[in-house]
Q: 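Sharing a structure below in structure tokens format, with a few things to ask.
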Amino acid sequence: MSENNFEPKIIGFFCKWCTSAAADLAGTSRKKYPANLVPIRFFCSSRIDPQHVLHAFKSGADGVLIGGCHFGDCHYQDGNYKTARRIALLHNLLDDMGVSKKRLRLEWISAAEGDRFTKVVREFTEEIKKLGPLKGNGV
Amino acid sequence: MKRIGVFICHCGINIAKTVDVEALTEEIKKYPGVEYAENYKYMCSDPGQNLVINAIKEHKLDAVVVAACSPTLHENTFRNASERGGLNRYVCEMANIREHCSWVHDDKKVATKKAAHIIKSIIEKVKYDEPLEPIHVSVTKRALVIGGGIAGIQAALDIANAGVETILVEKGPSIGGRMAQLSETFPTLDCSQCILTPKMVEVSQHKKIKLLSYSEIEEIAGSVGNFKVKIKRKAAYVDHAKCTGCGMCYEKCPVKVDSEFEENMGKRKAIYTPFPQAVPNKPIIDKEHCTFFLKPGKCRVCQIVCPVQAVDFEQQDVILEEEVGAIVVATGFDLYEPERLKEYGYGTIPDVLTSLQFERLLSASGPTSGDVRRISDGKEPKRIVFIQCAGSRDKENHLEYCSKICCMYTAKHALLYKHRVHDGEPIIFYIDVRTAGKGYEEFYNRVTDEGATYIRGKVSKVYQDNGRIVVLGADTLSGKQIEVEADMVVLATGVVPTRNNTELVRRLKIQCDANDFLTEAHPKLRPVESNTAGIYLAGAAQGPKDIPEVVAQASGAASKAIAILTQDEITFEPTIAGVDEDLCSGCSICVGVCPYNARELDREKMVIKVVEALCQGCGSCSSACPSGAAQQRNLIDKQIEDMVTSVLEEK
């Protein structure tokens, strides 16, 4: 597969209060973005176990985007802080595993930020395209 | 294996324009577990819902996936329909192929493929969805209000007026709180006592309110609907059932003590009521200062003069046990310690006062009967310098936040001073004047019109020189140094949450922010709820606020409590965390992670138990659990992993 027509597979883990709602808003506003990302909806980003992310990479994902609420906005008080800490550790682990940490991105996108949601997905998809497929590159 | 039905909506052309629904339906029909799939123009319409209902019956479906819009819009619609078809509502899920797919992509082939992925992931989820029943909790129809200031008074009255029995606990000998200390209130200049005391009396006479003054919370167990509370009634050494409140005891008591109510500017006795309009108007003995307790057996004057033999030196603390369904926390505020503002001379210069001390000077019932006089020599001050933001808005040295009420009370102080001393000269140092509130800017204008001088700048030092008080500051508008002589200085001391509250907050299992103000469940949308279900917040304990705001918040907290306390049982979503006892080692990592104290270690079984009424279903315990024992119902690890896999499998 040449780099030009490589279509990465990206999993989106989104909390339902902010980032999934931002994706809803992007839809309502008919903002276009690449279709490589398939979203999976959680109550809170703190439900995301690093194992889920590793499972995604193991199963063939080229990138994982985690979306939660901005600090101070978490519906469950401080779930996003927990996520931030877990993902920071996971980033280090990915390095050790030989997986570029660029393949895992954590973003805080509020329910009002439909535009930002599309921008992030667009950028992230581009970035993963540049990185190329993960398969065969570790894991 | 579950028999799953998938229902794909065209949403008119909203989905069908970019997603090939026919091809999609055919593809989904072939997906493992799918017993039945079809598409329809408007799934949410009555005929659309009937398709779901009939298919459940005809094809004996065990689970339903509706591929349509965002679950925010129609999850309830289709869960209700599934129920009408005879299914449990929690085995019906929505796949969002509109907002997350058809509306954001143009290429039909690409969008159809993504829609298939989204649907398949939800099919994988629903395979392990279990039928759940909403959680029902019975309700003890009784409320507890902690704190007897205006916030607690208002909350207790509102709840009691809704017909719900209410216990009002106040740690001091009287209710009334800070508001009882105030002279007049901005911006209307109502006498504080005149508007407060009728409410205090209403509390004491209300058939539904049980007032426990001079009492403290010892222990709180249980959860929303059913809290068990231990309340300590501190020994007053006066039998309040016998006491008539005649006042003979404190008239004759020989021991004089600085009065807390008068901010140490007046005296009370060792047996006392804090102020004449106290509710209950029954005295207590201050053991720390009473001669009987200091020199065992001595004095006894109060006991001798009491006409009804109410004084009882043998009285002990009593622990009361009460059950309540909801709790309102209204523990109020203190002033920022003025001693910390060394540069302003508080504590060394007698005529440097805090704002509350000045309130007492202005009060008709205060130590000077409302005359503004110096503490040091009793003289009328001809010039008073008011220093705003004393402790507030000073990130480096004191409090970072704005205490909110000081601009307005200082304006009021200046005006009331002018009313008492017509040729008096109020000078106010300020950083900004913040007058957001109904009638507040108008009030401020009135104060400046009546002769108050506002100087924009901070005071650097207050010192004494030949008996005169000198205030050194900067006028930041003119850029000049200013030196003002004053007869009195009043510090607009900042607002801090009531001190020594930590233990109570810990017992309540609620949270505080960095400044120790109680934390609300959501800063915008749940401002009167704590993070613990069934515990509500009112008044300055949650943040600095003025009387109208406190009263509004107290009524808000009361209405939240009433909403629970007027029901026989309360219902919660069952999609919360569970524990697999076979896997749980009792390590308790999840206990620390849970923001709601919904997880407890069962020490007998050494496994974690979930307090269902407290769990809000965030799932952070599930991701923290090292053994996979903590699982969020209907979003278990297996479901998440299968969802991921279904998306990534090449078809």
Q: Is it true that, when you exclude A/Lys32 itself, more than 12 heavy atoms of the residues, nucleotides or ligands shown sit nearer than 6.0 Å to its NZ?
A: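 More than 12 within 6.0 Å, yes.
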Q: Are more than 12 heavy atoms from other residues, nucleotides or ligands located less than 6.0 Å from atom NZ of B/Lys560?
A: no
Q: Please identify, among B/Ser121, B/Cys101, B/Cys625, B/Ser620, the residue contributing the most non-hydrogen atom pairs under 4.5 Å to chain A.
A: B/Ser620
Q: Less than 4.5 Å to any heavy atom of chain B: does that hold for the side chain of A/Ser45, its backbone, both, or neither?
A: neither
Q: B/Gly617, B/Cys69, B/Pro523: which one forms the most heavy-atom pairs within less than 4.5 Å of chain A?
A: B/Gly617
Q: Is B/Gln631 close to chain A through its backbone or its side chain, or both, or neither, when contacts mean heavy atoms under 4.5 Å?
A: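 Contact with chain A: side chain only.
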Q: What heavy-atom pair brings A/Ala56 and B/Val644 nearest, and what distance separates the two atoms?
A: CA-CG1, 3.6 Å
Q: When heavy-atom pairs shorter than 4.5 Å are enumerated against chain B, which of A/Ala26, A/Cys15, A/Ala21, A/Ala35 gives the highest number?
A: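 Ranked by contacts with chain B, first place is A/Ala35.
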Q: Heavy atoms, side chains only, cut-off 4.5 Å: are A/Arg86 and B/Ser623 in contact?
A: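 The answer is yes; the side chains approach within 4.5 Å.
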Q: For A/Asp78 and B/Pro595, work out which heavy atoms get closest and say how close.
A: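 Result for this residue pair: OD1-CB, 4.0 Å.
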Q: Are any of the side-chain heavy atoms of A/Tyr33 and B/His105 separated by less than 4.5 Å?
A: yes
Q: Counting a contact as any heavy-atom pair under 4.5 Å apart, which residues of residues 110-117 of chain A contact chain B?
A: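 Residues qualifying by a heavy atom under 4.5 Å from chain B are absent, so none.
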Q: Take atom CD in B/Glu400; do more than 12 heavy atoms of anything else shown fall under 6.0 Å from it?
A: no
Q: Report the option among A/Gly72, A/Gly60, A/Gly79 that has the most heavy-atom pairs separated by less than 4.5 Å from atoms of chain B.
A: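 The answer is A/Gly60.
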Q: Please walk me through it: do A/Ile11 and B/Met643 pass side-chain contact (heavy atoms from CB on, under 4.5 Å)?
A: CA-CA 10 Å; A/Ile11 297 285; B/Met643 287 169 88; over 6 Å; no
Q: Report yes or no: does A/Lys82 contribute a side-chain atom to a donor-acceptor pair with the main-chain N or O of B/Val593 at less than 3.5 Å?
A: yes
Q: Is the NZ atom of B/Lys17 crowded by more than 12 outside heavy atoms at less than 6.0 Å?
A: no
Q: Sort B/Ala624 into side chain, backbone, both or neither according to what part of it lies under 4.5 angstrom from a heavy atom of chain A.
A: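 Both backbone and side chain.
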Q: Are the side chain of A/Lys9 and the backbone N or O of B/Leu648 linked by a donor-acceptor pair below 3.5 Å?
A: yes
Q: Taking all heavy atoms of B/Tyr596 and all of A/Gln77, pick out the closest pair and write down the distance.
A: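 B/Tyr596 and A/Gln77 have their closest heavy atoms at OH-N, 4.3 Å.
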Q: Any chance you could measure B/His117, atom NE2, to A/Asn36, atom CG, to the nearest 0.5 Å?
A: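 Atom-to-atom, B/His117:NE2 and A/Asn36:CG are 11.0 Å apart.
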Q: Are A/Arg47 and B/Asp637 close enough, and set up right, to give a salt bridge (charged side-chain N to carboxylate O under 4.0 Å, His left out), and what steps lead you there?
A: CA-CA 10 Å; A/Arg47 171 68 185 95; B/Asp637 289 336; 2.9 Å; yes
Q: Looking at B/Lys524 and A/Asp73, is any side-chain nitrogen of the basic one under 4.0 Å from a carboxylate oxygen of the acidic one?
A: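 Salt bridge present between A/Asp73 and B/Lys524.
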Q: Can you tell me how far the CD1 atom of A/Ile48 sits from the CD1 atom of B/Ile640, to the nearest 0.5 Å?
A: 8.0 Å
Q: Under 6.0 Å from the CZ atom of B/Phe572, do we count more than 12 heavy atoms belonging to anything else shown?
A: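 Yes - once you tally the heavy atoms of other residues, nucleotides and ligands closer than 6.0 Å, there are more than 12.
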Q: For the residue pair A/His75 and B/His522, categorise the inter-ring angle as parallel (less than 30°), tilted (30 to 60°) or perpendicular (more than 60°).
A: tilted
Q: Counting heavy-atom pairs closer than 4.5 Å to chain B, which one of A/Leu37, A/Ile10, A/Asp62, A/Leu25 comes out on top?
A: A/Leu37
Q: Does any part of the side chain of B/Lys114, heavy atoms only, come nearer than 4.5 Å to the side chain of A/Pro39, both counted from C-beta?
A: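 A side-chain contact under 4.5 Å exists here.
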Q: Please check if the number of heavy atoms outside B/Lys108 that lie under 6.0 Å from its NZ is greater than 12.
A: yes
Q: Quick check: closest heavy atoms across B/Leu635 and A/Phe42, and the distance to 0.1 Å?
A: CD2-CD2, 4.0 Å
Q: Between atom NE2 of B/His100 and atom CD1 of A/Ile40, what is the distance when rounded to the nearest 0.5 Å?
A: 12.5 Å
Q: Would A/Asp24 and B/Asn96 count as a side-chain contact (heavy atoms from CB on, under 4.5 Å) here? Give the steps.
A: CA-CA 9 Å; A/Asp24 281 4; B/Asn96 182 353; 3.1 Å; yes
Q: Check the surroundings of atom CD in A/Gln51: do more than 12 heavy atoms from other residues, nucleotides or ligands lie under 6.0 Å from it?
A: no
Q: Indicate yes or no: at least one non-hydrogen side-chain atom of B/Pro71 is less than 4.5 angstrom from one of A/Arg41.
A: yes
